[in-house]
Colleague: 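Take this structure, written in C-alpha cells, and hold onto it; I'll ask about it next.
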Amino acid sequence: MTTFRSDFLRTLSERGFIHQISDPEGLDRLFATETVSAYIGFDPTAPSLHAGGLIQIMMLHWLQATGHRPVSLMGGGTGMVGDPSFKEEARKLMTVETIAENIASIKRVFSSYLTYGDAPTDALMANNAEWLTSLNYLEFLRDVGRHFSVNRMLSFDSVKMRLDREQSLSFLEFNYMILQAYDFVELSKRYGVRLQMGGSDQWGNIVNGIDLGHRMDTPQLYALTSPLLTTASGAKMGKSLSGAVWLNADMLGPYEFWQYWRNTEDADVSRFLKLYTTLPMDEIARLAALGGAEINEVKKILATEVTAMLHGRAAAEAAAETARKTFEEGGVAADLPTVEVPAAELEAGIGVLSVFAEKTGLVASNGEARRQIRSGGLKVNDATVTDDKAVVSARDLSAEGVVKLSFGKKKHVLLKPV
C-alpha cells in the first residue's frame with residue numbers, strides 16, 4: 001500500500017476507497033500543499049440515488065473533512081444522453097422535465113454528507129446543463145471533437161463490450177465520453193477543479209478528460225477511482241430483496257434502510273464500517289475483532305451509524321429500537337407461527353414465490369404471490385417485495401435467526417432454519 005503524506009489520500013487509502021490514481025505522487029503532493037477542488041458526476045436517471053452510489057458521496061465527504069472543496073456535479077445535460085459504460089443496451093431517454101424533477105429530488109440527500117456555502121472548503125453543486133445545452137455543435141466539433149481519436153475511443157472496455165456482443169451503440173451514446181471529458185475541462189476553468197473521482201468503470205472517461213485538458217491548456221488534471229463493490233456473496237451493492245436501496249426517505253424509509261445494513265454479511269462488516277461510517281479506524285479495528293454472537297451487535301452499530309449519516313441520529317436510533325421490539329422483545333416474534341426449513345436450503349436461497357406459497361402457505365399459489373407482489377402486498381422483514389424473481393436466503397436472517405414474512409398487515413410467519 002502506498003504511504004501518502006496528504007490527509008485525504010491517506011484516509012481514502014486506509015479505508016479502502018482507492019482503486020486507481022492517474023499520478024499518485026503528483027496528486028499527493030497537490031493535496032499536501034493546496035486546497036484542492038474535486039468532483040464526482042451523478043446522472044439523474046431516477047428521483048433518488050441508491051446505496052450503490054454511497055461510496056462516491058462518502059469520498060466527497062472525506063474530501064471536505066480533510067480540508068478540501070467537493071463539487072457534486074448533476075448531469076442535467078449528460079442525463080439527456082445517458083452513460084453507455086458497461087450497459088448492455090441504450091438507456092431510455094428522459095424528458096427535460098423528468099431530468100429536472102430527478103435532480104431536485106436527488107439534491108436533498110447531499111446536505112446530509114456535505115456542507116454547502118461560499119467558504120473556500122464549502123461544497124459546490126453544479127449542473128452540466130449550464131454549459132452543455134448552450135453549445136454550438138459545429139464549434140464544439142472544431143474546438144473539442146478534433147482532440148478525440150475514434151480508434152482510441154473504440155479501444156475502451158465499456159465500448160468494446162457492446163461491440164463484441166454485437167449490441168448497438170448509438171452515435172448519441174458514443175458522444176457521452178466526449179461530453180464527460182468536456183465537463184472536466186469546463187469545471188477546471190470555472191471552479192479550479194483538479195481531480196475527478198468515480199467508480200472504476202469510469203476510468204476511461206476520466207482519463208479522456210485529463211487528455212482533453214492537456215490539449216486545451218488546463219493545469220494538470222488527475223483521476224481517482226474507487227473499486228466497484230459487491231457483497232461477499234457477489235450481490236451488487238444497493239440492491240436488496242425488495243429492490244433498490246434508495247437514499248431518499250420518501251422512496252425507502254429509515255427503518256428499511258437500517259435493516260439493509262443490519263443484514264450485512266459477516267465477511268463485509270469490517271469493510272463496510274470503513275467505507276460507510278466515520279467511526280475512527282481504531283474503533284473499527286476493535287469492532288472487527290469481535291466474533292460469534294457479538295458480530296450481530298456490530299452489524300447493528302454499522303446500520304445505526306450509516307442510517308444516522310443519511311437520516312439523522314434520531315431516525316437511526318428509532319429504527320434500531322423498532323427492530324429491537326420486533327425481533328428481540330418477543331411481542332411480535334413470540335406470537336407468530338414459525339415454519340422450519342432446512343438450513344442448507346435457506347443458505348442456497350429460496351425463490352420468494354415458493355416461500356410465500358409452498359413453504360408457508362401465506363398465499364394460495366405462486367400466481368397469487370406474483371399478483372400480491374405487483375400490488376405491494378408481500379413483505380420480507382417489513383420491506384415490501386417488488387421483484388417476483390427475488391430470493392430469500394440466510395442473508396435475510398434477523399439477529400434471532402428468523403426471517404419475518406408478511407402478507408398484508410395481519411398475516412405474519414417466521415421462517416426458521418433447522
Side-chain angles (χ1 to χ4, degrees), residues 51 54 112 231 240-243 245-273 275-279 283-284 286-341 343 346 355 360 362 378-385 392-418:
L54 195 51
S112 297
T231 65
S240 73
L241 184 72
S242 55
V245 182
W246 301 111
L247 301 185
N248 282 38
D250 57 345
M251 295 180 68
L252 188 77
Y255 175 68
E256 290 171 311
F257 186 77
W258 187 95
Q259 281 287 356
Y260 172 76
W261 297 99
R262 163 62 189 85
N263 290 332
T264 294
E265 297 171 45
D266 292 3
D268 288 326
V269 172
S270 174
R271 184 169 56 132
F272 288 1
L273 283 168
L275 292 170
Y276 299 112
T277 81
T278 56
L279 291 175
E283 174 67 3
I284 291 174
R286 184 187 70 80
L287 294 172
L290 300 175
E294 290 179 309
I295 193 70
N296 288 319
E297 295 306 312
V298 179
K299 290 180 184 180
K300 293 174 190 174
I301 292 171
L302 169 67
T304 300
E305 291 301 315
V306 178
T307 306
M309 283 198 77
L310 176 60
H311 296 297
R313 182 67 56 180
E317 291 178 352
E321 178 64 10
T322 299
R324 188 182 69 80
K325 286 181 177 179
T326 301
F327 291 111
E328 294 176 21
E329 287 190 353
V332 174
D335 297 332
L336 294 180
T338 300
V339 173
E340 296 180 342
V341 295
L346 190 61
V355 164
T360 64
L362 275 170
L378 302 185
K379 293 185 177 183
V380 174
N381 292 334
D382 297 323
T384 302
V385 180
V392 177
S393 70
R395 188 175 184 275
D396 300 301
L397 290 170
S398 70
E400 285 62 48
V402 295
V403 182
K404 182 183 176 187
L405 307 171
S406 305
F407 172 25
K409 294 183 178 180
K410 296 183 179 179
K411 291 184 179 180
H412 308 280
V413 168
L414 298 181
L415 202 65
K416 182 177 181 181
V418 292

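All values below come from the heavy atoms of this structure, side chains included, with hydrogens, waters and symmetry mates left out. We're numbering straight along the sequence, starting at 1.
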Colleague: Using atom types as modelled and distance alone, determine if a side-chain donor or acceptor of Thr304 lies under 3.5 Å from a backbone N or O of Ile301.
Modeller: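 Side chain of Thr304 to backbone of Ile301: no pair is present.
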Colleague: Between Gly401 and Pro417, what is the shortest heavy-atom contact and its length?
Modeller: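 Looks like O-CD, 3.3 Å.
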Colleague: Applying salt bridge (Lys or Arg N to Asp or Glu O under 4.0 Å), name anything that partners Lys379, two or more places apart in sequence or on another chain.
Modeller: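 Checked Lys379 against salt bridge (Lys or Arg N to Asp or Glu O under 4.0 Å); zero matches.
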Colleague: Could you check whether any side-chain heavy atom of Asn296 comes within less than 4.5 Å of a side-chain heavy atom of Arg262, counting everything from C-beta outward?
Modeller: yes
Colleague: Heavy atoms only: give me the nearest Asp382-Ser406 pair and the separation to one decimal.
Modeller: OD1-OG, 4.4 Å
Colleague: Locate the shortest heavy-atom distance separating Asp268 from Thr264; write the atom from each residue and the value.
Modeller: CB-CG2, 3.6 Å
Colleague: Checking the side chain of Thr307 only, and the main-chain atoms of Ala316 only, is there a donor and an acceptor separated by less than 3.5 Å?
Modeller: no
Colleague: Once the angle between the rings of Trp261 and Tyr276 is folded into 0 to 90°, is it parallel (under 30°), tilted (30 to 60°) or perpendicular (over 60°)?
Modeller: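 Tilted.
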Colleague: Starting from the C-alpha separation in whole Å, work towards a yes-or-no answer on side-chain contact (heavy atoms from CB on, under 4.5 Å) for Leu290 and Ile295.
Modeller: CA-CA 6 Å; Leu290 300 175; Ile295 193 70; 5.8 Å; no
Colleague: Do Leu287 and Leu302 have side-chain heavy atoms sitting under 4.5 Å apart?
Modeller: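 Answer no - side chains too far apart.
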Colleague: Can you tell me if Thr360 uses its side chain to pair, donor with acceptor, with the backbone of Val355 under 3.5 Å?
Modeller: yes
Colleague: State the CG-CG distance between Leu405 and Leu414, to the nearest 0.5 angstrom.
Modeller: 8.0 Å
Colleague: How far apart are the closest heavy atoms of Phe257 and Val306, and which atoms are they?
Modeller: CE2-CG1, 3.8 Å
Colleague: Given the rule in the salt bridge (charged side-chain N to carboxylate O under 4.0 Å, His left out) test, do Lys300 and Glu305 qualify, once you have shown the distances and angles that lead to the verdict?
Modeller: CA-CA 8 Å; Lys300 293 174 190 174; Glu305 291 301 315; over 6 Å; no
Colleague: Checking Asn381 against Asn263 for the side-chain contact (heavy atoms from CB on, under 4.5 Å) test, could you report, in this order, the C-alpha distance in whole Å, the side-chain angles of both residues, the deciding distance, and whether it holds?
Modeller: CA-CA 10 Å; Asn381 292 334; Asn263 290 332; 4.1 Å; yes
Colleague: Does the side chain of Gln259 come under 3.5 Å of the side chain of Tyr255 through a donor N or O and an acceptor N or O?
Modeller: yes
Colleague: Is there a side-chain contact (heavy atoms from CB on, under 4.5 Å) between Leu273 and Val298 once you walk through the steps?
Modeller: CA-CA 9 Å; Leu273 283 168; Val298 179; 3.9 Å; yes
Colleague: Measure the OH-CZ distance between Tyr260 and Arg395 for me, rounded to the nearest 0.5 Å.
Modeller: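 Taking OH in Tyr260 and CZ in Arg395, the distance rounds to 5.5 Å.
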Colleague: Using 4.0 Å as the upper bound for N to carboxylate O, is an ion pair formed by Glu294 and Lys299?
Modeller: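 No, no charged N to carboxylate O under 4.0 Å.
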Colleague: Atom OG1 of Thr277 and atom CE of Met309: how far apart are they, to the nearest 0.5 Å?
Modeller: 8.5 Å
Colleague: Locate the shortest heavy-atom distance separating Glu256 from Ala383; write the atom from each residue and the value.
Modeller: OE2-CA, 3.2 Å
Colleague: Just verifying a value: how many Å separate Glu321 CD and Trp258 CH2, rounded to the nearest 0.5 Å?
Modeller: 10.0 Å
Colleague: To the nearest 0.5 Å, how far apart are CG in Leu415 and CG in Asp396?
Modeller: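 Atom-to-atom, Leu415:CG and Asp396:CG are 9.5 Å apart.
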Colleague: State, to 0.1 Å, how close Ser393 and Val403 come at their nearest heavy-atom pair, and which atoms those are.
Modeller: O-CG2, 4.5 Å
